[in-house]
Amino acid sequence: MGRIKDIRPLKWTGESLLLLDQRKLPLKEEWIECRDYECVARAIENMVVRGAPAIGVVAAYGVVLGAKEVAEKAKSYVDFKAKVELIINRLAATRPTAVNLFWALKRMRRIVEAGKSIEDIVAALETEAVNIERQDVETNRKIGFFGAELLSSREVILTHCNTGALATAGYGTALGVIRAAVEMGKEVTVFVDETRPYLQGARLTAWELQEEGIPYYLITDNMAGYFMSLGEITCVIVGADRIARNGDTANKIGTYSLSVLAKEHGIPFYIAAPTSTFDLSIRSGSEIPIEERSEEEVLYCHCKDCRIAPYGAKVKNPAFDVTPHENITGIITEKGVINAPNEEKIVEFFKEA
Ligand code: MRU
């Protein structure tokens with residue numbers, strides 16, 4: 001249909017990493033330039049960039065910037081390797097839940113450990129980061145294709161958080177499925193959960209859909225059940241931050257409630273995620289570390305002059321929850337769909353993949 005735009009949250013210049021500041025969207029489109037790895041680490045911590053695949057890609061470029069910084073002063077390969085390891089550890093400490101971060105850093109560490117000359121390693125790290133970025137977009141297009149194939153010619157899709165181009169290197173996962181369905185000529189309307197407290201749905205997903213001209217309604221999170229009960233939602237598609245070996249899936253807080261509501265109303269509930277989001281080293285969702293974010297995200301409505309709770313209010317702010325695999329109709333990956341996922345099917349899927 002030719003209306004899908006090429007939104008990208010990052011640009012690698014060869015010397016620095018440009019990041020679209022997602023804290024400012026949708027009102028301002030401002031870019032931040034990172035010239036060192038610490039800037040990249042802070043950008044991840046402070047949500048300049050967010051979304052599981054995007055964090056992985058950006059961290060990989062952080063390693064490149066860090067390796068370039070230490071290469072000049074390194075006394076030997078051993079010295080260089082030790083310093084890059086500290087940089088990798090710093091980047092790994094930014095956010096705990098999305099496994100794509102650790103997956104990307106593992107790829108970068110492997111290059112350093114391959115041990116050629118420092119100059120060659122720095123060049124190989126840059127090539128690897130560029131590959132991780134490029135492969136992510138290709139992967140998302142495949143997820144989009146497999147996901148869109150599951151949909152009928154007319155769908156009303158509920159989605160949560162932001163899983164679009166902004167959350168990845170481009171195109172998106174769950175939002176990639178929606179993009180692909182539109183590209184296939186399917187008639188799609190999207191219900192976008194605002195996604196309290198950080199409002200990724202209201203600020204980012206709504207912005208992306210508007211840019212594309214894909215019809216959507218923005219709803220508050222507590223409206224989802226009502227629209228399901230009216231029969232207005234035909235399917236739910238969300239992303240993932242980490243999927244355990246049995247299919248239990250960590251994703252943005254509120255995803256679990258949606259899965260329960262979808263089950264109650266007999267609505268298909270899909271996870272769209274690359275295979276890099278699977279953590280086969282853990283057996284179930286109870287082992288997934290859940291990030292606790294600052295109280296301020298709950299106490300204020302995305303700006304400092306808009307406090308919404310009394311002073312002294314105690315807050316809990318888990319950024320993610322875990323959806324049990326029993327609530328998931330299927331996991332859409334770049335290698336195909338795992339229907340009614342469980343440990344046996346996932347292990348078999350990875351053996352074949
Ligand atoms: O806290 P965020 O904004 O990084 O959380 C993002 C999500 O939970 C997404 O749903 C997930 O990372 C998948 S993005 C393709």
Side-chain angles (χ1 to χ4, degrees), residues 7-10 19-23 25 43-59 94-104 136-137 139-144 147 158-180 192-205 207-208 221 236-243 249-259 269-279 285 288-294 297-298 302 317-323 328 331-334:
I7 298 168
R8 303 276 172 140
L10 60 117
L19 296 171
L20 180 57
D21 190 344
Q22 299 190 29
R23 299 168 304 180
L25 287 172
I44 298 172
E45 278 166 351
N46 298 335
M47 308 283 273
V48 170
V49 61
R50 27 64 50 203
I55 296 172
V57 174
V58 164
T94 50
R95 295 194 71 190
T97 304
V99 80
N100 307 62
L101 171 66
F102 308 101
W103 168 87
D136 186 57
V137 181
T139 294
N140 294 336
R141 290 221 167 242
K142 288 181 191 156
I143 292 172
L158 178 79
T159 193
H160 192 64
C161 195
N162 173 265
T163 60
L166 293 170
T168 60
Y171 203 71
T173 56
L175 215 54
V177 173
I178 290 166
R179 283 195 164 94
V192 180
D193 269 357
E194 65 173 352
T195 317
R196 275 281 292 154
Y198 208 71
L199 304 174
Q200 288 94 331
R203 296 187 304 104
L204 308 176
T205 301
W207 180 75
E208 284 198 41
D221 300 334
V236 180
I237 314 180
V238 295
D241 287 84
R242 196 185 292 227
I243 304 172
T249 296
N251 190 49
K252 181 52 56 194
I253 192 76
T255 303
Y256 165 64
S257 322
L258 287 178
S259 78
F269 181 93
Y270 290 107
I271 299 286
T275 49
S276 55
T277 303
F278 284 77
D279 182 353
I288 301 176
I290 300 294
E291 177 182 9
E292 183 75 24
R293 292 192 61 84
S294 95
E297 289 179 1
V298 176
H302 207 69
N317 186 15
F320 303 96
D321 58 25
V322 176
T323 298
I328 299 171
I331 303 179
I332 307 159
T333 79
E334 77 277 20

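One-based numbering, in listed order, for ligands and for the atoms of each. Numbers for residues simply follow the sequence, beginning at 1. FYI, side chains are in, hydrogens and waters are out, and symmetry mates aren't considered; it's all heavy atoms of this structure.
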What are the polar N/O contacts of ligand 1 with the protein below 3.5 Å, with distances?
unit_1   : atom_1 : unit_2 : atom_2 : d
ligand 1 : 1 (O)  : Arg95  : NH1    : 3.4
ligand 1 : 1 (O)  : Arg95  : NH2    : 2.8
ligand 1 : 1 (O)  : Lys252 : NZ     : 2.7
ligand 1 : 3 (O)  : Arg50  : NE     : 2.8
ligand 1 : 3 (O)  : Arg50  : NH2    : 3.3
ligand 1 : 3 (O)  : Gln200 : NE2    : 2.8
ligand 1 : 4 (O)  : Gly51  : N      : 2.9
ligand 1 : 4 (O)  : Arg95  : NH1    : 2.8
ligand 1 : 8 (O)  : Asp241 : OD1    : 2.8
ligand 1 : 8 (O)  : Asn251 : OD1    : 3.2
ligand 1 : 8 (O)  : Lys252 : N      : 3.3
ligand 1 : 10 (O) : Asn251 : OD1    : 2.6
ligand 1 : 12 (O) : Ala52  : N      : 2.8
ligand 1 : 12 (O) : Asp241 : OD1    : 3.3
ligand 1 : 12 (O) : Asp241 : OD2    : 2.9

For this session: Could you tell me whether a side-chain N or O of Arg203 sits under 3.5 Å from a main-chain N or O of Tyr198, the two making a donor and an acceptor?
Result: yes
Problem set entry | Side-chain (Gln22) to main-chain (Leu166) donor-acceptor, under 3.5 angstrom | yes
Exercise. In a check of side chain to side chain contact (heavy atoms under 4.5 Å, CB included) between Pro197 and each of His302, Arg293, Glu297, which one passes?
Worked result: Glu297
Problem set entry | ring-ring contact (aromatic ring centres under 6.0 Å, His included) partners for Phe320, two or more places apart | none
Exercise. In chain order, what residues pass the salt bridge (charged side-chain N to carboxylate O under 4.0 Å, His left out) check against Glu334, with sequence neighbours excluded?
Worked result: none
Problem set entry | Pairing residues for Tyr270 by the ring-ring contact (aromatic ring centres under 6.0 Å, His included) criterion, not counting sequence neighbours | none
